[in-house]
Number of protein chains: 2
Amino acid sequence: MSNANNRTSKVEERCLKQGIKMTGQRRIIAKVLSISNDHPDVEQLLQRASKIDPKISIATIYRTMRLFEEHHIVERHEFGDGRARYEETSSAHHDHIIDLKSGKVIEFQNDEIEKLQKEIAEDRGYNLVDHKLELYVTPKENQDS
Amino acid sequence: MSNANNRTSKVEERCLKQGIKMTGQRRIIAKVLSISNDHPDVEQLLQRASKIDPKISIATIYRTMRLFEEHHIVERHEFGDGRARYEETSSAHHDHIIDLKSGKVIEFQNDEIEKLQKEIAEDRGYNLVDHKLELYVTPKENQDS
DNA sequence: TTAACTGCAAACATTTTGCAACCGT
DNA sequence: ACGGTTGCAAAATGTTTGCAGTTAA
């Protein structure tokens, strides 16, 4: 069982498909993104990447995230806490519910709202390029889901 | 026509109603907000306030905007350009369309979407406390509205 | 009078950048 | 080999804060 865990991650595959030059650091960041199913900020990405290569620099994280964002491999979010948070772009578009109590982020998807957004933009003579929908919530009382 | 323009602004009235101690600087900022019908950032607020009192400081703008925000007299937005932008809280809730070409911000209101948002939160066991909906658009071609 | 407010400059947090060394193709 | 990439530290950006002096009620 020599060098286990060396196969290309999902994010790395997407990079290759787009002709992004893969370096050791980018491979690590790609893998970190692939195995994350939350919405890490740059500090968290650095911490996770550092476990694989302790020499990796925060500047590289920033530069790589910008690169990945430009190639639509990740999406950047700002959930109102000042720093950017990232997630791998998924095929199915979704928006976010932010639990203000716990900070937890939940994804959801609603075609009806998507359709209405497009209509609103087009009614006013615009093409809808992108949108941001975030629901800030608190847990209902007498309920422990 | 001595000291014209000295009656209390709309924002100042709201401050008084909430028992906010009014100082010269806060009165100026209140007036600036009252006569603005765009979404100024702190730098713009400082410039506009400076025309009335050139000695006003950017720290006071920041502190006052935080105060006003806590009292729900203004709303803070982050339209993805890195700095916070403010507008006087209006009685009718609305969301924003951001024209990526011109940077112009257009307000809109849609009850259907509001209702759907509330349902989505409640279906998952949450109370909807706040939300953010922004449509990023570009102008349609052959059309010059 | 006195607790709150202001201006200034320094501190902060996040992100970007210049540059020399390094690496992938 | 060489152009792109990295690490480091410095700079840039937006915002907050400590403190001494000022002001509103």
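In the text below, chain A, chain B and the rest are named by the order of the sequence lines, each starting its count at 1. Since the model is a prediction, treat every value here as computed from it, not as a measurement.
In terms of phosphate contacts, Ser57(A) brings no side-chain nitrogen or oxygen within less than 4.0 Å of OP1 or OP2 of dT6(D).
Taking the salt bridge (Lys or Arg N to Asp or Glu O under 4.0 Å) definition, one finds that Lys118(A) meets it with nothing, sequence neighbours left out. Applying the side chain to side chain contact (heavy atoms under 4.5 Å, CB included) rule to Lys10(B) yields the partners Arg14(B), Ser34(B), Glu88(B); only residues at least two apart in sequence or on another chain are considered.
Using a 4.0 Å heavy-atom cutoff across all strands shown, Ile58(A) reaches no nucleic acid atom at all.
Judged purely by atom type and a 3.5 angstrom limit, Ser9(B) uses its side chain to pair as donor or acceptor with the backbone of Glu12(B). A donor-acceptor pair under 3.5 Å is absent between the side-chain atoms of Asn127(B) and the main chain of Val129(B), judged by distance alone. A donor-acceptor pair is defined here as one N or O able to donate and one able to accept, closer than 3.5 Å; no such pair exists between the side chain of Ser36(A) and the backbone of Asp38(A).
Donor-acceptor pairing under 3.5 Å is lacking for the side chains of Gln44(B) and His39(B).
At whole-Å resolution of the value, CG in Leu46(A) and P in dC8(D) are 11 Å apart. Atom CD of Gln44(B) is separated from atom C1' of dG14(D) by 14 Å (rounded to the nearest Å). When rounded to the nearest whole Å, the span between CG of Leu16(B) and P of dA24(D) equals 14 Å. The distance between atom CD1 of Ile56(A) and atom P of dT6(D), rounded to the nearest whole Å, is 8 Å. At whole-Å resolution of the value, CZ in Arg85(B) and P in dG14(D) are 13 Å apart.
Note that the first and last nucleotides of DNA chain C, 5' to 3', having any atom under 4.0 angstrom from a heavy atom of chain B are dA4(C) to dC8(C).
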Could you list, one pair per line, each protein nitrogen or oxygen that sits under 3.5 Å from a nitrogen or oxygen of nucleotides 19-22 of chain D, together with the distance?
none

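For the contact set between residues 19-28 of chain A and DNA chain C, defined by any heavy atom under 4.0 Å, the members are Lys21(A), Met22(A).
For the side-chain contact (heavy atoms from CB on, under 4.5 Å) test with Pro40(B), the passing option among Gln47(B), Arg85(B), Arg48(B) is Arg48(B); the others fail.
In this pair, His94(A) and His96(A) present their aromatic rings perpendicular. The plane angle is above 60°, beyond the 30 to 60° band.
Under the 6.0 Å cut-off for aromatic ring centres, His93(B) and His131(B) qualify, their centroids lying closer than that.
Residue Ile61(A) is the one, among Ile61(A) and Tyr62(B), whose nearest nucleotide of DNA chain D lies closer to the 5' end (criterion: closest heavy atom).
At a threshold of 4.0 Å, the pair Arg83(A)-Asp81(A) counts as salt-bridged, since one of the basic side-chain nitrogens sits closer than that to a carboxylate oxygen.
In the hydrophobic clustering, Ile61(A) connects to Val11(A), Leu16(A), Ile20(A), Met22(A), Ile28(A), Ile29(A), Val32(A), Leu33(A), Val42(A), Leu45(A), Leu46(A), Ile52(A), Ile56(A), Ile58(A), Tyr62(A), Met65(A), Leu67(A), Phe68(A), Ile73(A), Val74(A), Tyr86(A), either directly or through intervening members, whenever side-chain heavy atoms lie under 4.5 Å apart.
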